[in-house]
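Down below is the structure, laid out as structure tokens.
Please read all numbers here as calculations on a predicted model, not as lab measurements. To find a chain, count down the sequence lines: A is the first, B the second, and so on, and within it residues start at 1. Computation of the quantities below employed the complete heavy-atom set of this structure, encompassing side-chain atoms and omitting hydrogens, waters and symmetry-equivalent molecules.
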2 protein chains.
Amino acid sequence: MNKEPLIGAMRQMITMFDQEAEKFLSFCYFKTFHQKEFLGRQGEVCQDIFFIIKGITRSLIVDTAGEEHTIHFSLENQFICDYTSFMLQTPATNSLQAVEETEVVVLPRKAIEWGYANLQQGDKLGRLIAEYYFIYFDIRLKNQYLFTPAQRYENLSKVFPNIHNRVPQHMIASYLGVSPVHLSRLKKSL
Amino acid sequence: MNKEPLIGAMRQMITMFDQEAEKFLSFCYFKTFHQKEFLGRQGEVCQDIFFIIKGITRSLIVDTAGEEHTIHFSLENQFICDYTSFMLQTPATNSLQAVEETEVVVLPRKAIEWGYANLQQGDKLGRLIAEYYFIYFDIRLKNQYLFTPAQRYENLSKVFPNIHNRVPQHMIASYLGVSPVHLSRLKKSL
DNA sequence: CTGGCACGATAACATTTGTTTAGAATAACC
DNA sequence: GGTTATTCTAAACAAATGTTATCGTGCCAG
């Protein structure tokens with residue numbers, strides 16, 4: 001397998017010498033998770049960031065009634081973990097689960113820490129990652145205010161056209177914040 | 001007036017020499033907005049970050065039907081602006097409005113840029129601000145999934161006990177994502 | 001002082017969404 | 001290959017939330 005996609009993603013944010021990149025990568029390794037396997041669990045302190053080479057994961061949170069809520073989907077070429085847990089070293093509130101067979105590059109905490117301390121633009125990388133996710137959350141939150149579940153469903157279908165072939169509908173419903181039965185109803189009326 | 005609260009907030013994130021802090025502050029100035037005045041408007045590129053000395057502001061967004069949605073409230077000792085607009089230099093989607101008479105320190109773009117480039121820990125400051133807001137958004141989004149409007153109302157009342165004395169109820173309803181009429185109904189049944 | 005206006009409560013009704021249950025198609029498993 | 005889960009749809013009813021209209025209060029500009 002090939003770590004190029006990861007290097008490419010990093011080089012979109014900062015400039016790195018080949019030596020720096022190589023050293024950084026030496027802390028990282030590949031791993032494959034099969035369907036429904038957990039990359040991380042609620043309650044554990046998140047110690048790794050994952051970069052998805054192939055596959056889909058979802059972040060989910062379980063409420064006091066035991067219901068699962070899908071908070072995010074993540075696809076190829078994205079970084080994913082419970083960042084709040086990773087940054088603060090507090091127990092994660094989100095679990096991270098493979099929706100289909102998923103290959104990732106694992107970036108352990110020591111890789112990240114080495115990067116912040118030793119990459120020439122380490123802090124800038126951290127800032128840009130945080131800013132990227134900030135913008136992502138900003139958009140997500142606005143969507144909650146501006147759009148109905150039906151509209152959010154249509155938007156999602158545009159951004160991620162073949163989601164229906166890769167993700168079970170009840171997870172999509174959960175992500176949209178409606179019951180699976182209701183999503184089925186909404187689809188019919190579109 | 002006194003810029004100490006701003007310095008204090010910055011020094012909770014990074015260490016600064018007094019000289020650095022002084023130079024940074026020389027780019028900043030005080031401003032007072034009266035009730036309902038706008039600190040920034042949807043469509044303009046956000047060129048300043050505000051630090052609230054005294055008062056309350058809200059971020060709001062207007063949908064295609066002309067309805068206002070209150071996305072955030074910001075209180076004393078907080079930084080506020082449309083960060084997405086500020087970072088990307090794109091037109092702001094949020095307007096920023098004083099809910100009551102509000103005194104702020106204005107941090108113009110050139111202050112921030114000078115800080116990133118010249119403060120010894122400039123990039124770290126940027127990273128921490130972005131991370132701080134990341135965590136804030138993370139919690140906000142989880143709340144949307146985990147709690148009903150009634151529960152969100154109770155949580156808000158705990159975190160911000162005298163909000164009812166300082167913010168009109170229809171703005172609170174908008175923030176919670178329900179109609180003013182419905183919030184009135186919810187309060188009765190608690 | 002006073003007329004208008006913003007604000008909030010309430011009631012009645014409409015719409016949206018959740019819940020429960022059932023059934024059929026499909027996929028996973030041994 | 002057959003059995004068992006999983007997934008989706010559908011219908012009927014319940015609960016939550018939106019909408020409209022009305023009323024009373026307090027506030028502030030003139």
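- Judged as a salt bridge (Lys or Arg N to Asp or Glu O under 4.0 Å), and not counting sequence neighbours, the contacts of A:Arg58 are A:Glu68.
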Only distances under 3.5 Å count here; give the side-chain donor-acceptor pairs of residues 2-10 of chain B to other protein atoms, sequence neighbours excluded, each with its distance to 0.1 Å.
residue: B:Asn2; atom: OD1; partner: B:Glu4; partner atom: N; Å: 2.6
residue: B:Lys3; atom: NZ; partner: B:Leu25; partner atom: O; Å: 3.3
residue: B:Lys3; atom: NZ; partner: B:Cys28; partner atom: O; Å: 3.1

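- Across its full length, the helix from C:dC1-D:dG30 to C:dC30-D:dG1 shows an angle of 50° between the axes of its 5 terminal pairs at either end, rounded to 10 degrees.
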Would you tabulate the pairs of protein nitrogen or oxygen atoms and nucleotide nitrogen or oxygen atoms of nucleotides 22-29 of chain D closer than 3.5 angstrom?
none

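- You'll find the ring centres of A:Phe73 and A:Tyr175 inside the 6.0 Å limit.
- Residues passing the side-chain hydrogen bond (donor to acceptor under 3.5 Å, both in side chains) test with A:Glu113: none are found, sequence neighbours excluded.
- Listed by chain and residue number, A:Thr15 satisfy the side-chain hydrogen bond (donor to acceptor under 3.5 Å, both in side chains) test with A:Gln121 (two or more places apart in sequence, or in another chain).
- Between A:Phe137 and A:His72, the ring planes lie perpendicular to each other; the angle is over 60°, past the 30° to 60° tilted range.
- B:Glu76 meets the side-chain hydrogen bond (donor to acceptor under 3.5 Å, both in side chains) test with B:Arg166; sequence neighbours excluded.
- Remark: A:Glu131 engages A:Arg127 in a salt bridge, criterion side-chain N to carboxylate O under 4.0 Å.
- Taking the six-membered ring wherever Trp is involved, the centroid distance between the rings of B:Phe50 and B:Phe79 does not fall below 6.0 Å.
- For B:Tyr153, the ring pair (Phe, Tyr, Trp, His ring centres under 6.0 Å) partners two or more places apart in sequence, or in a different chain, are B:His164.
- Straight-line distance from the NE2 atom of B:His69 to the P atom of D:dG18: 11 Å, rounded to whole Å.
- In terms of the side-chain contact (heavy atoms from CB on, under 4.5 Å) criterion, residue partners of B:Thr90 (sequence neighbours excluded) are, by chain and number, B:Leu88.
- Contacts of A:Asp138 classified as salt bridge (Lys or Arg N to Asp or Glu O under 4.0 Å), with partners at least two apart in sequence or in another chain: A:Lys142.
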Show me the protein contacts with nucleotides 7-16 of chain D, counting only N or O atoms at under 3.5 Å.
residue: D:dT7; atom: OP2; partner: A:His170; partner atom: NE2; Å: 3.3
residue: D:dC8; atom: OP1; partner: A:Gln169; partner atom: N; Å: 3.0
residue: D:dC8; atom: OP2; partner: A:Gln169; partner atom: N; Å: 2.7
residue: D:dC8; atom: OP2; partner: A:His170; partner atom: N; Å: 3.4
residue: D:dT9; atom: OP1; partner: A:Lys187; partner atom: NZ; Å: 3.3
residue: D:dT9; atom: OP2; partner: A:Gln169; partner atom: NE2; Å: 2.7
residue: D:dT9; atom: OP2; partner: A:Ser184; partner atom: OG; Å: 2.9
residue: D:dT9; atom: O5'; partner: A:Ser184; partner atom: OG; Å: 3.3

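- Interface limits on DNA chain C: the 5'-most and 3'-most nucleotides within less than 4.0 Å of chain A heavy atoms are C:dT17 to C:dT20.
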